[in-house]
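Have a look at the structure below, then the notes.
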Amino acid sequence: MSEHVKCLIIGSGPSGYTAAIYAARADMKPVIYQGLQPGGQLTITTEVDNYPGYPKGTHGVAMMDDFKAQAERFGTDIRWGLITSVDFTGPVHKVIVDEKTTITADSIIVATGASAKWIGLESEQRLNGFGVSACAVCDGFFYKGQDVAIVGAGDTAAEEATYLAKLCTKVYMIVRRGEMRASKAMQHRVLNTPNIEVIYNTETKEILGEKGVDGALLVNDKGEERTLKITGFFVAIGHTPNTGVFKGWLDMDETGYIKTIPGTSKTNIPGVFATGDAQDKVYRQAVTSAGSGCMGALDAERYLADKGIH
Ligand code: NDP
């Protein structure tokens, strides 16, 4: 026999925990499955200085512990486990946890987030959080007045390069082809920012440094090497939404972001709501994700009330 819950939340980043806080306080008795990376992407960053309410800043892991504790305080049932398949055929939604446990739910909030893509260098992993970052808006401030590099050539990289250029003395933008993928307008902004140097046809061979970043070894398409002296290395080569398990059930765009009805968290399946980075490829901030989690819980609460489920 399977367990039945009123509100199932999948994912434990800012969005999942905020949904849990609201759902628990509304007596929806939420059950949350934490997924592969409990606490989400913030647990792989260091300081967080831009989340309102922490005037002295905080640490990503500590902040997510606070989110979790607040969700627990109102009785959220927080569990280890990964949703490995779903069946949204009927009015009651079915999910399988860790390929063995079946749970049915009246409402589901999908808050599975996204994962940054990485270049794949050993040095990139080793220095992650110690000079290597996948979020310029989160971490750029720590490199004020310093020289940094950013890899990528899409809209995110272009936007983040111009953001960094306001803080940093010099920004090297490393582009693997002879042109950028970013929109013409964004390219124009990059090329008209005097302290951004775009380095085309070039890839990163190694990020240099022991306990922190002190350089990057680049190689161009002619095999010529060049070393940059930098203290921060930003990767902006795209994100992958963690939505694979919902393919075929929830409407998504071509890159796997879940489509929601604008201004709501509603998906194409009644009773299934999507929040946070799993449905947002533009803002991707902890605070926007948390706000979206709140929307998910309120939408789910109204859905349950309309169905007369108490
Ligand atoms: P994109 O997939 O658009 O771009 C990724 C970039 O990273 C590409 O230029 C790609 O190079 C490069 N890249 C990929 N892998 C590597 C690698 N291993 N080494 C070096 N470079 C690599 O991702 P974005 O995050 O930029 O954008 C995602 C979506 O969000 C897009 O649709 C974008 O338009 C949208 N967006 C919109 C914004 C806005 O409207 N304000 C802001 C930010 C994003 P290559 O070109 O050679 O493939």
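Indexing begins at 1, ligand by ligand and atom by atom, following the structure's order. Quick caveat, the model's predicted, so the values are computed rather than measured.
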>> Please compare Glu179, Arg176, Lys117, Arg284 and report which has the shortest non-hydrogen distance to atom 14 (C) of ligand 1.
In response: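 It is Arg176 that holds the nearest heavy atom.
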>> Checking Cys138 now: which residues fulfil disulfide bond (SG atoms under 2.5 Å apart) with it, not counting sequence neighbours?
In response: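 By the disulfide bond (SG atoms under 2.5 Å apart) rule, Cys138 matches Cys135.
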> Considering only heavy atoms of Gly154, which atoms of ligand 1 have at least one such atom less than 4.0 Å away?
Replying inline: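 Matching atoms, with element in brackets: 4 (O), 6 (C), 9 (O), 26 (O).
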> Which atoms from ligand 1 have a heavy atom of Arg177 less than 4.0 Å away?
Replying inline: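 What qualifies from ligand 1 is 45 (P), 46 (O), 47 (O).
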> In the protein, what heavy atom is nearest to atom 27 (O) of ligand 1, and what distance, to one decimal place, separates them?
Replying inline: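 That would be Thr156 OG1, 3.6 Å.
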> To which protein heavy atom is atom 22 (C) of ligand 1 closest, and what is the distance rounded to 0.1 Å?
Replying inline: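 Nearest neighbour among protein heavy atoms for atom 22 (C) of ligand 1, to 0.1 Å: Ile237 CG2, 3.4 Å.
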Nearest protein heavy atom under 4.0 Å from [atom], yes or no:
atom                    : answer
atom 25 (O) of ligand 1 : yes
atom 40 (O) of ligand 1 : no
atom 20 (C) of ligand 1 : yes

> Is ligand 1 less than 4.0 angstrom away from at least one heavy atom of Val282?
Replying inline: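 No heavy atom of Val282 comes that close to ligand 1.
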> Checking Asp277 side chain against Gly13 main chain: does a donor-acceptor pair fall under 3.5 Å?
Replying inline: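 Checked: no pair found.
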> Just by distance, do the side chain of Thr204 and the backbone of Glu206 share a donor-acceptor pair under 3.5 Å?
Replying inline: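 Judged by distance alone, no pair lies under 3.5 Å.
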> Are the charged groups of Lys68 and Asp66 less than 4.0 angstrom apart, N to O?
Replying inline: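 Looking at Asp66 together with Lys68, the answer is no, because their closest N to O distance does not fall below 4.0 Å.
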Name each donor-acceptor pair under 3.5 Å that joins a side chain in residues 233-240 to protein atoms two or more places apart or in another chain, with its distance.
none

> Do Thr84 and Glu99 get their side chains close enough for a donor-acceptor pair, meaning under 3.5 Å?
Replying inline: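 No.
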